[in-house]
Amino acid sequence: REMDAIETMGSGQAEGNRLRICIPHSTAAFYAITQYLVPLIEKKRINAVIRECHPRKTLDLIAGGQAELGVIRFREEYRQYFSELAAAANLKFLYLRSYEDVVLLDKKHPLAVKQMLCREDFADYPLIVHSDRYFLPEQKTEKGSSKIYTVDRHAQLTLLRSLPGSYIWSAPISDEMQQEWGVVQRRCEKNTNRYSEALIYNPSYIMSELESNLLEMLKTEYAKMLWE
């Protein structure tokens, strides 16, 4: 079990080769952590737990000393709500970035030829729903479309490539990722899917060098990962 794995990583005190971080189901967040870890693992042994979870769970794990760093994603209008939740738990809430969702399509999708889409374009196409995200009223009532719910990143990409006409709402991804996955991203008119992300950590916790370097990287580099 995930909790067992986290607990076996040791106490709430800093350990030089340990890293425990919580992130949303986010390609950008996972990419950033990977870019940080890969060169380090080539040089020394590192015990890392990367846990994808909801914002409230991230706050609980960090407040309880079961993780040291977290990135949370939330609807932009809930920024104050999560800031206050973090403050109530004596945690630091550091805003990172905001972005509008884009639509990911297989590069052979009939809509891939359009640079700007509108919701009416999707009327007869199946929607892959990232099922841990907040559902907007217009997402719940998109008429005429089948819906498939999954949080698994591999399952989403497999469906995009194999299910004709399918699409998914996503945070923007890089050109490199689009080429690697065989997808394109398109913006949508009158898009109300706007999200924010913030960094969460315990300011009273004395971090190891491994943890503090990751913290600084997230503060300075992660916010730049807006591939719109």
Side-chain angles (χ1 to χ4, degrees), residues 23-32 52 54-56 58 71-83 93 95-153 155-161 163-199 221-228:
I23 61 174
H25 292 270
S26 162
T27 299
F30 197 83
Y31 177 84
E52 295 180 305
H54 298 282
R56 291 289 296 268
T58 294
V71 175
I72 63 172
R73 176 177 59 201
F74 47 88
R75 292 279 303 172
E76 194 168 70
E77 57 265 34
Y78 290 106
R79 180 172 172 178
Q80 182 176 351
Y81 170 75
F82 283 107
S83 176
F93 175 100
Y95 169 81
L96 290 174
R97 65 177 193 162
S98 293
Y99 58 85
E100 288 184 359
D101 265 359
V102 296
V103 176
L104 296 188
L105 309 163
D106 183 84
K107 62 183 179 181
K108 297 179 182 178
H109 195 289
L111 296 177
V113 297
K114 300 183 67 173
Q115 293 303 310
M116 179 66 73
L117 304 174
C118 61
R119 289 190 179 276
E120 289 75 14
D121 291 330
F122 306 117
D124 298 318
Y125 293 113
L127 170 62
I128 302 168
V129 182
H130 202 97
S131 58
D132 72 333
R133 302 183 80 173
Y134 178 83
F135 298 128
L136 298 169
E138 56 265 36
Q139 289 177 313
K140 291 181 179 179
T141 58
E142 285 179 345
K143 296 180 180 179
S145 61
S146 300
K147 296 179 179 63
I148 302 174
Y149 298 82
T150 178
V151 298
D152 183 83
R153 194 174 292 107
Q156 292 168 359
L157 293 173
T158 300
L159 285 166
L160 274 178
R161 289 192 294 260
L163 181 61
S166 61
Y167 69 100
I168 186 171
W169 289 98
S170 168
I173 63 174
S174 67
D175 291 341
E176 180 183 357
M177 291 178 188
Q178 292 178 59
Q179 290 182 347
E180 180 180 347
W181 298 347
V183 302
V184 296
Q185 65 183 19
R186 296 290 184 260
R187 301 186 72 174
C188 187
E189 294 177 350
K190 300 178 182 178
N191 185 5
T192 55
N193 295 6
R194 190 160 186 86
Y195 287 86
S196 293
E197 292 179 332
L199 185 61
E221 298 299 322
Y222 183 65
K224 300 176 184 178
M225 293 181 180
L226 284 175
W227 299 299
E228 294 187 84

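- Between Trp181 and Leu157 the shortest heavy-atom distance is CE3-CD2, 3.6 Å.
- Considering only heavy atoms from C-beta on, Arg56 stays 4.5 Å or farther from Ile72 through its side chain.
- Using modelled atom types, one side-chain atom of Gln156 and one backbone atom of Thr150 make a donor-acceptor pair closer than 3.5 Å.
- For the atom pair Arg153 CZ and His25 NE2, the distance stands at 8.0 Å (nearest 0.5 Å).
- With rounding to the nearest 0.5 Å, the separation of CZ in Arg73 from CG in Leu96 is 13.0 Å.
- With a 4.5 Å cut-off on side-chain heavy atoms, Met177 and Tyr31 count as touching.
- Within 6.0 Å of the CZ atom in Arg161, the count of heavy atoms belonging to other residues, nucleotides or ligands exceeds 12.
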Could you tabulate the donor-acceptor pairs under 3.5 Å formed by side-chain atoms of residues 107-114, not counting sequence neighbours?
unit_1	atom_1	unit_2	atom_2	d
His109	ND1	Leu111	N	3.0
His109	NE2	Gly165	O	2.8
Lys114	NZ	Asp121	OD1	3.3
Lys114	NZ	Asp121	OD2	3.1

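- Between Gln115 and Arg186 there is a side-chain heavy-atom pair separated by less than 4.5 Å.
- Of all non-hydrogen atoms in Tyr95 and Arg97, the two that sit nearest each other are OH-C, 3.1 Å.
- Between Ser166 and Leu159, the shortest heavy-atom distance links the atoms OG-O, 3.2 Å.
- Residues meeting the salt bridge (charged side-chain N to carboxylate O under 4.0 Å, His left out) test with Arg79, sequence neighbours left out: none.
- Among the candidates Asp101, Leu104, Leu105, the single residue satisfying the side-chain contact (heavy atoms from CB on, under 4.5 Å) test with Gln185 is Leu104.
- With a 4.5 Å cut-off on side-chain heavy atoms, Arg75 and Tyr195 count as touching.
- Going from atom CD of Glu197 over to atom CD of Glu76 covers 11.5 Å, rounded to the nearest 0.5 Å.
- Interatomic distance, Leu163 CG to Thr158 OG1, rounded to the nearest 0.5 Å: 11.5 Å.
- The distance between the ring centers of Phe82 and Phe74 falls below 6.0 angstrom.
- Contact record, Ile173 with Gln178: O-NE2, 3.5 Å, taken as the closest heavy-atom pair.
- Considering every non-hydrogen atom in both Ile128 and Leu160, the closest pair reads CD1-N, 3.8 Å.
- The side-chain heavy atoms of Leu127 and Phe122, taken from C-beta on, include no pair separated by under 4.5 Å.
- A cation-pi arrangement is absent between Arg194 and Tyr99 under the rule of less than 6.0 angstrom and at most 45 degrees off the ring axis.
- Residues Cys188 and Arg119 meet the side-chain proximity criterion, which asks for heavy atoms closer than 4.5 Å.
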